[in-house]
Amino acid sequence: MSDAALFDAGPLSLRARLFRRAVKVLIQPIFARADLSVEQRRQKLLRLTQATQITIPRGSHFESSPLGGIDAEWTRPAGAVRGTLLYLHGGAYVIGAPRVYRELTSRLARDARVRVATIDYRLAPEHPFPAAVDDAVSAYRALLDAEGAERLVIAGDSAGGGLTLACLLRLRDEGLPMPAAAAILSPWGDITCSQPAMTAEAWREPILNVEALRECGRMYAGDTPADHPQLSPVHADLRGLPPLLIQGTDAEVLADDARQLFAHAQAAGVDVTLEMWPGLWHVWQLFAGLVPEADAATRRLGAFLGRHLP
């Protein structure tokens, strides 16, 4: 069964309005400033994250341990768990790291009753496609060997959302068992950046810079055509994917990536749900603990993933 809706979350909260302005000042320059090197962008994002992670749920535990030969950070909630979530972080395939995501992964761990493995997959431009997909599949294979597909779920945001789909396509094509469910947040599903929202929503996009996105896409693609289905899953045959939840917002340049992925998944017979939250910003879920709409979205993500586990 498939469903799509403009999610009725009511009027934007005061905190959402304030944080929407703040992210434009604090986060957009990390992506948009042409004078910053890739390494400078990575370090600025890490420093900003370390200063803002102040509401991690009590009882959350973090540890570093490799998974399938890939460095990973493990997030465990207080109490028993029902399975494992493989989380693929965002960052346009060139920046980002597991510890940036502790506010989010700790909530998903708590709400879905899972341990979360956030892998530190290889980044472009040092490691172009298919390095990130190879790492995601290696990590999944290791989890599959350890506990079986019925206890596994997978999720990712932004570029990690596209990578989640690429990983699932590779698993399907290699005949490996699929995870029980998948979720993608503000997915970057078309690295050609040719969807209409790239121009139509640029005026109110507080984080992403379209030209910077295009440059990151070129760095990640390397010598591979950007419309390759594992680079831009909007061009993929999505048949055989597990139950899928897509969360996006109508107020970002990737809005049509989410809509197109929903339409293609629906046409392919996937059990897919699309939630389009009005007036927010790219991966607002990272502000869980600070913004009510982020708390509500992460609870829905956790409930969706958890109900597909035994």
Side-chain angles (χ1 to χ4, degrees), residues 7 9 12-13 15-16 18-20 22-23 27 45-46 48-64 72-91 96-120 143 151-161 163-164 179-187 207 243-249 273 275 277 280-309:
F7 190 76
L12 280 187
S13 67
R15 286 195 177 190
L18 292 173
F19 273 89
R20 198 176 193 284
V23 297
I27 300 178
L45 181 62
L46 286 173
L48 177 63
T49 303
Q50 290 169 342
T52 56
Q53 289 181 338
I54 56 176
T55 63
I56 291 172
R58 184 175 300 177
S60 301
H61 177 71
F62 304 94
E63 63 181 42
S64 295
E73 180 171 273
W74 295 81
T75 307
R76 300 173 187 270
V81 298
R82 301 166 61 189
T84 301
L85 165 62
L86 174 61
Y87 194 85
L88 305 174
H89 70 74
R99 70 174 182 261
V100 172
Y101 283 78
R102 287 181 172 181
E103 291 280 6
L104 176 58
T105 59
S106 60
R107 282 168 171 77
L108 295 178
R110 178 194 65 192
D111 295 341
R113 303 309 311 165
V114 293
R115 58 176 187 161
V116 182
T118 308
I119 62 167
D120 198 8
L143 291 174
R151 287 177 51 85
L152 301 179
V153 287
I154 184 171
D157 67 284
S158 191
L163 181 56
T164 295
I184 50 178
L185 294 58
S186 291
I207 293 180
L244 176 64
L245 173 61
I246 305 171
Q247 285 187 344
T249 175
T273 299
E275 295 180 357
W277 293 58
L280 291 165
W281 61 90
H282 184 64
V283 199
W284 76 95
Q285 298 92 335
L286 287 173
F287 292 81
L290 299 171
V291 175
E293 290 85 347
D295 290 338
T298 56
R299 283 196 298 269
R300 293 180 67 83
L301 286 165
F304 170 82
L305 294 171
R307 72 171 171 263
H308 287 92
L309 292 169

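Heavy-atom basis, side chains included; hydrogens, waters and symmetry copies ignored.
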Asker: Check the pair Leu185 / Leu301 against side chain to side chain contact (heavy atoms under 4.5 Å, CB included), numbers first and verdict last.
Answerer: CA-CA 9 Å; Leu185 294 58; Leu301 286 165; 3.8 Å; yes

Asker: Ile54 versus Leu290: any side-chain heavy-atom pair under 4.5 Å?
Answerer: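 Ile54 reaches Leu290 side chain to side chain.
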
Asker: What is the minimum heavy-atom distance between Ala294 and Ala288, and which atoms define it?
Answerer: CB-N, 3.4 Å

Asker: Looking at the rings of Trp281 and Phe287, which for Trp means the six-membered one, are their centres under 6.0 Å apart?
Answerer: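 Yes: the rings meet the under 6.0 Å criterion.
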
Asker: Closest approach of Leu305 and Ala182, non-hydrogen atoms and distance?
Answerer: CD2-C, 4.4 Å

Asker: Are Thr164 and Asp157 close enough that some pair of their side-chain heavy atoms sits under 4.5 Å apart?
Answerer: no

Asker: What pair of heavy atoms forms the shortest contact from Trp284 to Ser186, and how long is it?
Answerer: CZ3-OG, 4.3 Å

Asker: Answer yes when Glu275 and Arg300 have at least one side-chain N-carboxylate O distance shorter than 4.0 Å, and no when they do not.
Answerer: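 Yes.
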
Asker: Say you draw a straight line from CG of Leu108 to CZ of Phe304; how long is it, rounded to the nearest 0.5 Å?
Answerer: 12.0 Å

Asker: So, the side chain of Arg15 versus the backbone of Pro292: is there a donor-acceptor pair under 3.5 Å, distance only?
Answerer: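 Side chain of Arg15 to backbone of Pro292, a donor-acceptor pair under 3.5 Å: no, none is there.
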
Asker: Between atom NE2 of His61 and atom OG1 of Thr75, what is the distance when rounded to the nearest 0.5 Å?
Answerer: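 With rounding to 0.5 Å, NE2 (His61) is 9.5 Å from OG1 (Thr75).
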
Asker: Which distance, rounded to the nearest 0.5 Å, do you find between the CG of Leu143 and the CG of Leu152?
Answerer: 5.5 Å

Asker: Quick check against the 3.5 Å criterion: does Thr49 have a side-chain atom that pairs as donor or acceptor with the backbone of Val100?
Answerer: no

Asker: Quick one: closest heavy-atom pair of Arg107 and Pro57, and the distance?
Answerer: NH1-CD, 3.4 Å

Asker: Atom CZ in Arg307, atom CZ in Arg82: separation rounded to 0.5 Å?
Answerer: 11.0 Å

Asker: Side chains of Leu88 and Tyr101, heavy atoms from C-beta outward: is any pair under 4.5 Å?
Answerer: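 No, too far: nothing below the 4.5 Å cut-off.
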
Asker: If you round to the nearest 0.5 Å, how far is CZ of Arg20 from CG of Leu280?
Answerer: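 So the CG of Leu280 and the CZ of Arg20 are separated by 8.0 Å.
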
Asker: Under a 4.5 Å cut-off applied to non-hydrogen side-chain atoms, are Leu104 and Tyr87 in contact?
Answerer: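 Of all side-chain heavy-atom pairs linking Tyr87 with Leu104, at least one is under 4.5 Å.
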
Asker: Would you say Leu244 and Thr273 make side-chain contact, with heavy atoms under 4.5 Å?
Answerer: no

Asker: Closest heavy-atom contact between Leu46 and Ala97?
Answerer: CD2-CB, 4.0 Å

Asker: What are the two closest non-hydrogen atoms of His89 and Ile119, and how far apart are they?
Answerer: CD2-O, 3.6 Å

Asker: Taking the side chain as everything from C-beta on, heavy atoms only, tell me whether Pro179 gets closer than 4.5 Å to Ile154.
Answerer: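 Answer yes - side chains close enough.
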
Asker: Does any part of the side chain of Leu86, heavy atoms only, come nearer than 4.5 Å to the side chain of Val153, both counted from C-beta?
Answerer: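 No, side chains not in contact.
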
Asker: Any chance CZ of Arg151 has more than 12 other-residue heavy atoms, nucleotides or ligands included, within less than 6.0 Å?
Answerer: yes

Asker: To the nearest 0.5 Å, what is the distance between CG (Leu85) and CZ (Arg113)?
Answerer: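 Taking CG in Leu85 and CZ in Arg113, the distance rounds to 13.5 Å.
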
Asker: Which residues satisfy the ring pair (Phe, Tyr, Trp, His ring centres under 6.0 Å) test with Phe62, sequence neighbours excluded?
Answerer: none

Asker: Side chain to side chain donor-acceptor pair (under 3.5 Å) between His282 and Ser158: does it pass, once the steps are laid out?
Answerer: CA-CA 8 Å; His282 184 64; Ser158 191; 2.8 Å; yes

Asker: Any salt bridge linking Glu63 with Arg76? Criterion: basic side-chain nitrogen under 4.0 Å from a carboxylate oxygen.
Answerer: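 Counted as a salt bridge, because a side-chain N and a carboxylate O are separated by less than 4.0 Å.
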
Asker: Taking the side chain as everything from C-beta on, heavy atoms only, tell me whether Leu309 gets closer than 4.5 Å to Val114.
Answerer: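 Result yes, sub-4.5 Å side-chain heavy-atom pair found.
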
Asker: Is there a donor-acceptor contact under 3.5 Å from the side chain of Glu293 to the main chain of Ser13?
Answerer: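 Yes; at least one donor-acceptor contact below 3.5 Å.
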
